[in-house]
J.: 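One structure, pasted below without further comment.
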Amino acid sequence: MSEVKKDNKKGKWKTDKSRAKKQYKKKRSTRFQDIETLDRRIAIETPSQSVYYYKYLEGHEEKESRKKTVEEEEVVGSKKFVKTNDTRKVKIRFKDLPISNYTSKGLQNAEYTKMTEVQRCAIPHALKGRDLMISSRTGSGKTLAYLVPLVEKLYRQRWSSLDGLGGLIIVPVRELAIQAFEVLRSFAGLHDLSAGMIIGGKLVQVEKNHIASMNILVATPGRLLQHMNETPLFDYDNLQTLVLDEVDRMLDMGFAEELSQIMRNLPMGRTQTLLFSATAKKSLQKLAKNVLKTDFTYFCMNSYDSAASIMTGEKDAAEEMKEEGSAKDPKYITPLKLTHKYVCIEAEHKLDTLFSFMKSHKEAKCIVFFSSCKQVRHAYESFSKLKTGASIMEIHGRQKQIKRTAIYFEFVERKSCYLFATDIASRGLDFPAVDWVIQVDIPEDTDTYIHRSGRTARYKYKGTALVMVQPHEMKFVEKLEQMNIEMKKLKTNPNRTLSVTSALQRINAENSDLMHLAQKAFICYIRSVFKNGDREIYDVKKINHEAYAASLGLATTPIIEFVEGDDKKSRKSKIQKLREKAKLKKLEKQMQEMEREQEIKEAEGDEEDIEFQDQESDEDLSQQDQEDSLDDEQEQQQEEDDDDLFVFKRKIAPDDDLENEPEKFETKTKFSKNSLKKIKKGGVSQGQNKVFLDKDGKPISSLEYHIQQDTIKLKTEDDLDDNVKPEDYFNKLKSDLDKNKGLDNQIALDRLKQKRIKRKRQRQEREQLKEAAKYESASEEFEEEDTHKRAKYNEE
Ligand SMILES: Nc1ncnc2c1ncn2[C@@H]1O[C@H](COP(=O)(O)OP(=O)(O)OP(=O)(O)O)[C@@H](O)[C@H]1O
């Protein structure tokens, strides 16, 4: 029940409710006055169309500036670049801006006081309601540059929860959406606005229930479009500000169509649009032309202290972009406090180098990039087993969204840790205080290099990017140097580099899953190199496959064959073909078996049963081989589909060098039957069912194998693992083998049973097949006869 009090002045009885209403009205009216003042200030204090940027003229103290205003103008294109000490024009701190107290206080609470260069450039223009396009280096503070004006616009529009969607931020990936949302929450909490995220990987229905009540949304393109099509309550007709962040990446990821559909749905004529990207690429030109108003302002921040250029109007901007394409200036911008280093080593020494680095930088916070998920998985699993002394985490597209988010936040919190990652983590993600970015494999292009290395040296911090380059990939370093990125060469000291090869071999031998992972890591790496069209740098033939496979701890080298045009479509059809081929082979085999079966029936006996079973199991394995290859394909396909949201789609160009190669097919691993047995049959039996191979690929007994492994271990891993005496190990092995003997017999019996059931089923299938074949040949004869008759009839 609400409390009732007498208003003494007017002698009226008033409820708490009406008092609250009055207070609200008062607050509202002061707020509106506040808004009027803000509007006036914006009109005076922000640059006019003819000025693109006010820069603080150093060497003039503020006190002096009050006495005498100094201004220096420089004309760039159709605009003025003004250096001045007039603090009414030059805004250095957020609190100097014509923004609401809510935002100003929120920023202060979140410890954002001084603006970064891109914020100083962009916010005043954006506050005035202009369309902007901004290319600025990684970690320069673009997120606040668009969030502050977006929130302010809604405030000045007196936006309330009933007004629906007022601000929309589109980002390419979920992690970036979470990050932008967090920044928004950090400073805009005092405003009376609701904000939410709509990103893939969450329940659509939950989003549908809340979407109508949101004033600001951070969204990924796919999910946004889905809601536009499916959620009737989603109202965006009043949209005030649209932000496209990392727009270059969205285009690279193939979101152009989604974006243009989204734009068609939005009231673009009435909406202020802000485009942000870390790189200035020609592909943005078309989008800017379609999306932005004709008098849009373009900032390209290609030096730390100044916005070197800014143009107005699509014509100028187009010209500007063309110039950047010619690499006259550094067209890509990397943070000033970022040091770029490279080390020239062969592929087979990469893991050794990484391991040695980790041993000597245990306390560092690093992100380590690999080309594919499987490499990340393999490196993570195997390095976790080696004693590096550093803590390791992994992030890649095969993880569930919820896990990835948890990893992201955990890594953010860590003081020292190694995050093994695919390019999922290369763009836009803000990991504070990262000391090193290590690129174990060179990225697919220079753009990705910029983004990967931009994960360190963010804001005011220092950082180093280290890329491992193979001798034949040195052109990549040259390309970076041509972009005015100073690359320093690091030399490795072979005496101080620790080798992990034998340790990895041992781990693989003990764990068949890891062995399988190593094989996949090998295949995925080679495949990623092959898929890159730039043969001057990315050339599979220049990689020593055997040595690289050995460095992953593989006893045998997976053989990989390639075809040109190895793109998704052709891969899909190839998978289809492979499936058909497998089916055909299966049919052929069944026919052959029919005859063999006949003979076996007569020859009978359990002994023979066993022999046949062995033969069958070999066939099973080769069948399995094919199925595995299919699985690999599908998994690879799946992996790429998963990663599509996170990684650049790679361009596939015809491969000149491999043009004349006969019958080629996408990656297909060929293993000998023995090596397959070794992979498939590891498990409970500790070697009784396994077939082991020595260094030269010759079969050896399991005992010999383990002794050999033991010797290798004792010889080379003094610093990695505890030493075990050979006799102790030998005895333990023996007792383990004895323990599992009974279990192995049981397994053998079960398998025999299964085989019998399978053979019975096959027999039935064969009979059906025979019937079908009879019917088919009869119908063929009939058809032939029919055609013959028709031909004769036509002749007549
Ligand atoms: N004015 C500021 N004061 C203090 N810290 C800031 C300021 N602006 C940005 N930062 C910090 O700098 C870091 C980088 O900012 P942000 O993520 O916005 O950069 P970005 O340009 O969007 O980078 P990327 O292109 O990689 O996405 C963040 O940790 C952010 O908190």
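Read the numbers this way: they start at 1 and go in the same order the structure lists the ligands and their atoms.
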J.: Looking at K365 and A433, would you say the former's side chain and the latter's main chain have a donor-acceptor pair under 3.5 Å?
T.: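 No, the answer is negative, given that no donor and acceptor are paired below the 3.5 Å cut-off.
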J.: Side chain, backbone, both or neither: which part of F94 comes within less than 4.0 Å of ligand 1 when only heavy atoms are counted?
T.: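 The side chain, only.
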J.: At a 4.0 Å cut-off, with the gap strictly under it, does some heavy atom of P432 reach an atom of ligand 1?
T.: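 P432: no contact with ligand 1 (<4.0 Å).
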J.: Given L242, which of I262, L275, L150, I170 fulfils the side-chain contact (heavy atoms from CB on, under 4.5 Å) condition?
T.: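 Testing L242 for a side-chain contact (heavy atoms from CB on, under 4.5 Å) against I262, L275, L150, I170 leaves exactly one candidate, I170.
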J.: For ligand 1, find out whether one of its N or O atoms is nearer than 3.5 Å to an N or O atom of T113.
T.: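 Among all N and O atoms of T113, none is under 3.5 Å from an N or O of ligand 1.
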J.: With heavy atoms of R455 as the reference, note each atom of ligand 1 found under 4.0 Å away.
T.: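 Every atom of ligand 1 under 4.0 Å from some heavy atom of R455: 26 (O).
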J.: Walk me through it: do K142 and D245 pass the test salt bridge (Lys or Arg N to Asp or Glu O under 4.0 Å)?
T.: CA-CA 9 Å; K142 293 188 282 289; D245 191 12; over 6 Å; no
J.: For ligand 1, which atoms, with element, lie under 4.0 Å from some heavy atom of E246?
T.: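 Answer for ligand 1: 25 (O), 27 (O).
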J.: Would you kindly specify which portion of H451 sits under 4.0 Å from ligand 1, judged on non-hydrogen atoms: side chain, backbone, both or neither?
T.: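 For H451, there is no contact with ligand 1 at all, from either part.
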J.: Could you walk me through whether E45 and K91 satisfy the salt bridge (Lys or Arg N to Asp or Glu O under 4.0 Å) test, starting with their C-alpha distance in whole Å, then the side-chain angles of each, then the deciding distance to 0.1 Å, before giving a yes or no?
T.: CA-CA 9 Å; E45 295 176 27; K91 308 289 176 195; 2.7 Å; yes
J.: In ligand 1, which numbered atoms sit nearer than 4.0 Å to a non-hydrogen atom of S140?
T.: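 Those qualifying, in numeric order: 19 (O), 20 (P), 21 (O).
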J.: Kindly confirm or rule out an N or O of T143 lying under 3.5 angstrom from an N or O of ligand 1.
T.: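 Looking only at distances, the answer is yes, because the N/O contact criterion of under 3.5 Å is met.
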J.: Quick one, D34 and Y155 - any side-chain contact, counting heavy atoms below 4.5 Å?
T.: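 Counting from C-beta outward, D34 and Y155 do come under 4.5 Å.
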J.: Atom CG of L193 and atom CH2 of W159: how far apart are they, to the nearest 0.5 Å?
T.: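 The CG atom of L193 sits 10.0 Å away from the CH2 atom of W159.
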J.: Can you tell which part of R458 has a heavy atom less than 4.0 Å from ligand 1: side chain, backbone, both or neither?
T.: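 Under 4.0 Å from ligand 1, R458 contributes side-chain atoms alone.
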J.: Looking at every non-hydrogen atom in both residues, tell me the closest pair between K479 and T446 and how far apart they are.
T.: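 What the structure gives for the nearest pair is CB-CG2, 4.1 Å.
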